[in-house]
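Both ligands and their constituent atoms are indexed starting at 1 by order of listing.
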Amino acid sequence: TVKRSLSSQPVDMLANNSYIPRRAVLYVPGSDMKKLNKIQSLKADCIVLDCEDGVAYNMKDVARQNIGKMLGIIEFGIADCTVRVNSVSSGIIEDDLKAVLKASRLPQTVILPKVDYVQEIEEFTAMLEDICFQYKIESWKPALITCVETSIGLLNLQGVLQRAKELSQTGCRYRLDGVLFGSDDFCADIGAIRSKTGMEVFYARQKVVTTAKAYRLQVIDMVDIDFHDLDALKKTSIEGAGMGFTGKQVIHPAQVPVVQVAFSPSLEKVAWATDLIRQFEDHVAAGKGAFTYHGQMIDMPLLLQAKNIINMSKIVAQK
Ligand code: 1VU
């Protein structure tokens with residue numbers, strides 16, 4: 001039997017104590033020591049030490065060495081310390097994992113890019129297990145974020161998440177925690193051109209949000225590459241948060257605060273939600289179902305949305 005609890009919304013996901021808020025997910029190229037040295041002064045929720053697309057092919061070894069070294073040195077504070085390795089299909093992921101797992105401190109989260117097929121998640125799981133065994137790593141269990149960056153990856157997303165969840169639940173090395181949408185690779189794959197309106201990725205973003213949330217996962221929105229245009233960033237961030245994304249990728253420190261504000265409930269929203277919940281309880285106590293509040297019809301779905309806002313505000317307050 002499939003049970004559906006009354007609160008089977010992201011409410012349960014946000015109420016979970018292990019929820020790691022990742023509003024602004026900032027990439028730092030592993031080959032760039034100057035940028036790596038700035039990490040401690042950056043206030044992103046999630047710092048991604050990148051071995052993949054931010055690093056030139058002939059600098060991959062340099063990036064691995066830098067990341068291995070910096071993992072042991074940098075104070076990440078309350079930021080989620082994350083490494084993005086290369087994809088399974090790149091054929092170079094094993095070298096990334098070996099360099100990272102040699103570090104004196106291991107990352108809290110691993111991002112696996114360009115997951116197109118279920119077999120890739122299986123291969124990654126087995127490879128991680130083998131390397132941990134070789135290096136006698138026992139207790140480490142990072143969060144895993146998988147990326148959707150192609151049309152086939154989008155079609156296969158449900159199967160990939162289903163398999164990763166099964167593997168997570170049967171004692172594998174990671175805890176499946178999120179999905180990330182790579183819009184620029186996706187556009188290249190479908191032959192689209194990124195526009196200001198973003199209409200070319202609208203369907204994909206909705207599908208990624210829906211599929212990820214069905215598995216109670218965080219879901220991280222596309223990057224805005226025009227990093228000087230903070231007005232446009234504000235607009236796309238508010239749009240992404242409204243669509244159900246839990247955070248957004250950023251490439252430049254100036255983008256961090258704009259994204260963080262958009263992905264945090266405003267004081268007005270928190271006041272609205274607090275009052276709505278109180279009124280809902282009063283109406284239930286009086287035996288009433290739907291009621292009018294600020295001119296709107298309120299029933300259970302609105303209560304759940306209000307609870308999402310309150311839970312998110314509590315999580316964000318700890319940052
Ligand atoms: O003021 P300072 O000179 O001391 O520092 C500069 C700059 O070094 C620093 N900075 C960064 N620090 C850490 N992480 C970063 N990502 C970062 N970006 C910049 O901030 C100060 C001001 O920088 P700037 O305005 O002079 O900008 P730059 O010309 O130095 O750098 C611009 C780019 C875009 C090259 C830089 O921000 C960057 O490398 N970003 C990351 C690119 C990346 O990782 N791309 C791949 C991930 S996106 C993806 O894969 C899509 C799914």
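- Against a heavy-atom cut-off of under 4.0 Å, L42 is close to the following atoms of ligand 1: 13 (C).
- In this comparison of Q255, E52, K35, the heavy atom closest to atom 31 (O) of ligand 1 sits on K35.
- The residue from P29, A44, P253 that puts a heavy atom closest to atom 11 (C) of ligand 1 is P253.
- Pairs engaging residues 284-301 under the side-chain hydrogen bond (donor to acceptor under 3.5 Å, both in side chains) rule: D275-Y293 [sequence neighbours left out].
- Counting the atoms of ligand 1 from 1 in the order shown, those under 4.0 Å from a heavy atom of V28 are 14 (N).
- Assignment of M222 to the shell around ligand 1 is not supported, since no heavy atom sits closer than 4.0 Å.
- Annotation: H228 places no N or O atom under 3.5 Å from an N or O atom of ligand 1; distance criterion only.
- Here R163 pairs with E166 in a salt bridge; the nearest charged N to carboxylate O distance falls below 4.0 Å.
- At a heavy-atom cutoff of 4.0 Å, ligand 1 is contacted by the side chain of R84 but not by its backbone.
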Kindly indicate, with the supporting measurements, whether the criterion salt bridge (Lys or Arg N to Asp or Glu O under 4.0 Å) is fulfilled by K114 and D53. CA-CA 11 Å; K114 302 183 181 69; D53 284 353; 3.0 Å; yes
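- Residue Q249 approaches ligand 1 through these ligand atoms, each under 4.0 Å from one of its heavy atoms: 52 (C).
- Donor-acceptor pairing under 3.5 Å is recorded for the side chains of E200 and S195.
- Of the charged side-chain nitrogens involved, none lies within less than 4.0 Å of a carboxylate oxygen, so that K38 and D32 do not count as a salt-bridged pair.
- The ring-ring contact (aromatic ring centres under 6.0 Å, His included) search around F202 returns none, not counting sequence neighbours.
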